Amino acid sequence: MEEVEIIHCHNCQAEQTPGYKFCGSCGSKNLELFKQKVQANNKFDINLKRLAQYSVLIVIALVINAMIDTTLESVVAITIGFAVIDIVFAVSQPSVWKSVFKSVSLKPFLWIIPVFCLSGIVIGYLVDSLNSVLFEGQIFISYKDLFLDTDAPLIYSLIIIALFPALFEELAFRGFLFDNFKNIVGVNSAIWGSAFLFALVHFSLLSLFWLFPFGLILGYIRKKHATIIYGVVAHFVHNATVTIVEHYYGSLVF
């Protein structure tokens with residue numbers, strides 16, 4: 001028979017069962033239970049405050065990005081700006097770094113690399129097809145075009161379009177934001193919440209159809225393996241595939 005733990009009231013020392021709210025003898029409240037609730041409420045407030053602060057800074061950065069001309073200098077500046085914001089908020093939350101420096105197995109990479117390489121080709125083709133149908137005859141500036149006059153256009157494109165987003169977006173969305181959402185509403189809601197914000201901040205209505213599911217998959221990987229390393233590699237492979245194919249072929253629509 002399982003024994004019931006007996007604890008005592010801090011005031012009158014009368015025996016109480018675990019989880020009691022008020023002492024049955026003297027009416028004193030359970031200070032330990034009260035302390036736990038206060039700590040939980042404080043943690044909730046801290047997580048909510050962090051999310052609000054981060055969201056405000058990101059909105060400001062996005063507004064600035066929308067107001068300035070798209071040039072090589074502005075793209076690099078905005079990219080670095082987002083990276084700095086992500087690093088600062090991640091540094092403030094030690095649990096994020098645990099998901100960064102956690103040891104990983106090589107086995108998941110065996111499916112992550114080919115699957116996300118394929119996703120880059122498929123999504124790139126679908127987006128190019130939609131662009132050609134919906135915006136036929138219109139000229140849009142592609143980020144990769146900004147690097148054509150540099151001495152190594154493909155390398156610079158991979159750094160700005162593939163490497164930086166993979167590192168710092170995963171640090172932000174599957175790291176900082178995921179952890180704060182998890183502490184507030186639970187891990188499953190964290191997957192949905194981080195994916196929604198991930199899709200929203202890209203400011204592309206046309207890309208919402210794939211960005212949100214893409215974010216959900218990365219969130220699931222984060223939950224399953226308790227690290228952002230796999231997500232960083234998946235994100236990089238996807239973006240790098242699109243960048244390389246477009247660099248050599250110009251478009252995925254033939």
Side-chain angles (χ1 to χ4, degrees), residues 54 57-58 61-62 64-65 70-91 96-97 99-104 106 108-124 127-128 141-178 194-195 197-199 201-204 207 210-211 214-215 217-219 221-222 225 227-250 252:
Y54 181 84
L57 286 176
I58 290 299
L62 289 171
I64 293 173
N65 185 40
T70 304
T71 64
L72 176 59
E73 292 76 13
S74 68
V75 168
V76 172
I78 288 295
T79 301
I80 294 175
F82 278 119
V84 170
I85 293 172
D86 294 339
I87 291 173
V88 168
F89 276 87
V91 166
V96 175
W97 295 105
S99 68
V100 174
F101 296 109
K102 180 183 177 182
S103 60
V104 297
L106 295 178
F109 292 120
L110 297 178
W111 70 266
I112 285 174
I113 293 174
V115 165
F116 283 89
C117 182
L118 179 62
S119 76
I121 295 173
V122 172
I123 297 301
V127 171
D128 281 352
I141 297 176
S142 173
Y143 274 9
K144 69 179 180 61
D145 295 333
L146 300 173
F147 304 100
L148 293 178
D149 294 331
T150 64
D151 53 353
L154 179 58
I155 298 301
Y156 287 118
S157 295
L158 286 172
I159 292 173
I160 298 298
I161 300 174
L163 181 61
F164 268 44
L167 285 173
F168 299 112
E169 287 183 6
E170 291 310 304
L171 188 63
F173 293 99
R174 258 65 62 178
F176 174 79
L177 291 173
F178 185 95
S194 60
L197 290 180
F198 173 72
V201 300
H202 281 80
F203 263 27
S204 175
S207 296
W210 73 268
L211 280 171
F214 188 72
I217 294 170
L218 293 176
I221 293 173
R222 166 69 170 83
H225 298 285
T227 177
I228 67 170
I229 299 297
Y230 298 117
V232 168
V233 173
H235 201 151
F236 174 79
V237 169
H238 175 91
N239 285 13
T241 300
V242 175
T243 302
I244 291 170
V245 172
E246 289 192 349
H247 176 80
Y248 287 108
Y249 297 100
L252 289 165

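Please read all numbers here as calculations on a predicted model, not as lab measurements.
From Ser119, atom OG reaches atom CG of Asn239 across 9.0 Å, with rounding to the nearest 0.5 Å. Interatomic distance, CD1 of Ile244 versus SG of Cys117, reported as 8.0 Å (0.5 Å rounding). Between the NE2 atom in His225 and the CD1 atom in Ile112 there is a gap of 6.0 Å [rounded to 0.5 Å]. Taking CG from Leu148 and NE2 from His247, the interatomic distance works out to 8.0 Å, rounded to the nearest 0.5 Å. Expressed to the nearest 0.5 Å, how far CD1 of Ile221 lies from OH of Tyr230 amounts to 10.0 Å. Ile123 contributes atom CD1, which lies 10.5 Å from atom CZ of Phe116 (distance to the nearest 0.5 angstrom).
Proximity of Ile228 to Phe173: side-chain heavy atoms (C-beta onward) are nowhere separated by under 4.5 Å. Considering only heavy atoms from C-beta on, Leu154 comes within 4.5 Å of Tyr248 through its side chain. Between Leu106 and Leu110 there is no side-chain heavy-atom pair separated by less than 4.5 Å. Looking only at side-chain heavy atoms (C-beta outward), Phe164 and Ile159 come within less than 4.5 Å of each other. In this structure the side chain of Tyr54 reaches within 4.5 angstrom of the side chain of Asp86, judged on heavy atoms. Using a 4.5 Å heavy-atom cutoff, the side chains of Val242 and Val127 are not in contact. Looking at Leu158 and Leu163, their side chains never come closer than 4.5 Å, going by heavy atoms from C-beta outward. Counting only heavy atoms from C-beta outward, the side chains of Leu177 and Phe89 never approach each other to under 4.5 Å.
Cation-pi contact between Arg174 and Phe198: present, with separation from the ring centre below 6.0 Å and deviation from the ring axis of at most 45°.
The local environment of OH in Tyr156 is sparse, with at most 12 non-hydrogen atoms from other residues, nucleotides or ligands closer than 6.0 Å.
Nearest heavy-atom pair across Ser157 and Thr243 is CB-CG2, 3.7 Å. Minimum heavy-atom separation, Phe178 to Gly219: CE1-O, 3.9 Å. Smallest separation of non-hydrogen atoms from Gly215 and Ala195: C-CB, 3.6 Å. Residue Val96 comes nearest to Ser99 through the heavy atom pair O-OG, 2.6 Å, listed as atom of the first residue, atom of the second, then distance. Minimum interatomic distance between Ile64 and Ile78 (heavy atoms only, all atoms of both residues): CG2-CD1, 4.5 Å.
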Between Val91 and Trp97, does the side-chain contact (heavy atoms from CB on, under 4.5 Å) criterion hold? Intermediate values first, please. CA-CA 8 Å; Val91 166; Trp97 295 105; 3.7 Å; yes
Before you tell me yes or no, could you show the steps for Val84 and Phe168 under side-chain contact (heavy atoms from CB on, under 4.5 Å), namely the whole-Å CA-CA distance, both residues' side-chain angles and the distance that decides it to 0.1 Å? CA-CA 9 Å; Val84 170; Phe168 299 112; over 6 Å; no
Pair Trp210-Val122, side-chain contact (heavy atoms from CB on, under 4.5 Å): steps then yes or no: CA-CA 10 Å; Trp210 73 268; Val122 172; over 6 Å; no
Give the C-alpha distance, both sets of side-chain angles, the deciding distance and a yes or no for side-chain contact (heavy atoms from CB on, under 4.5 Å) between Leu197 and Ile58. CA-CA 11 Å; Leu197 290 180; Ile58 290 299; over 6 Å; no
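A centroid separation of 6.0 Å or more is found between the aromatic rings of His202 and Phe214.
Looking only at distances, no side-chain donor or acceptor of Lys102 sits under 3.5 Å from a matching main-chain atom of Ile229. Here the side chain of Thr227 pairs no donor or acceptor atom with the backbone of Val100 at under 3.5 angstrom.
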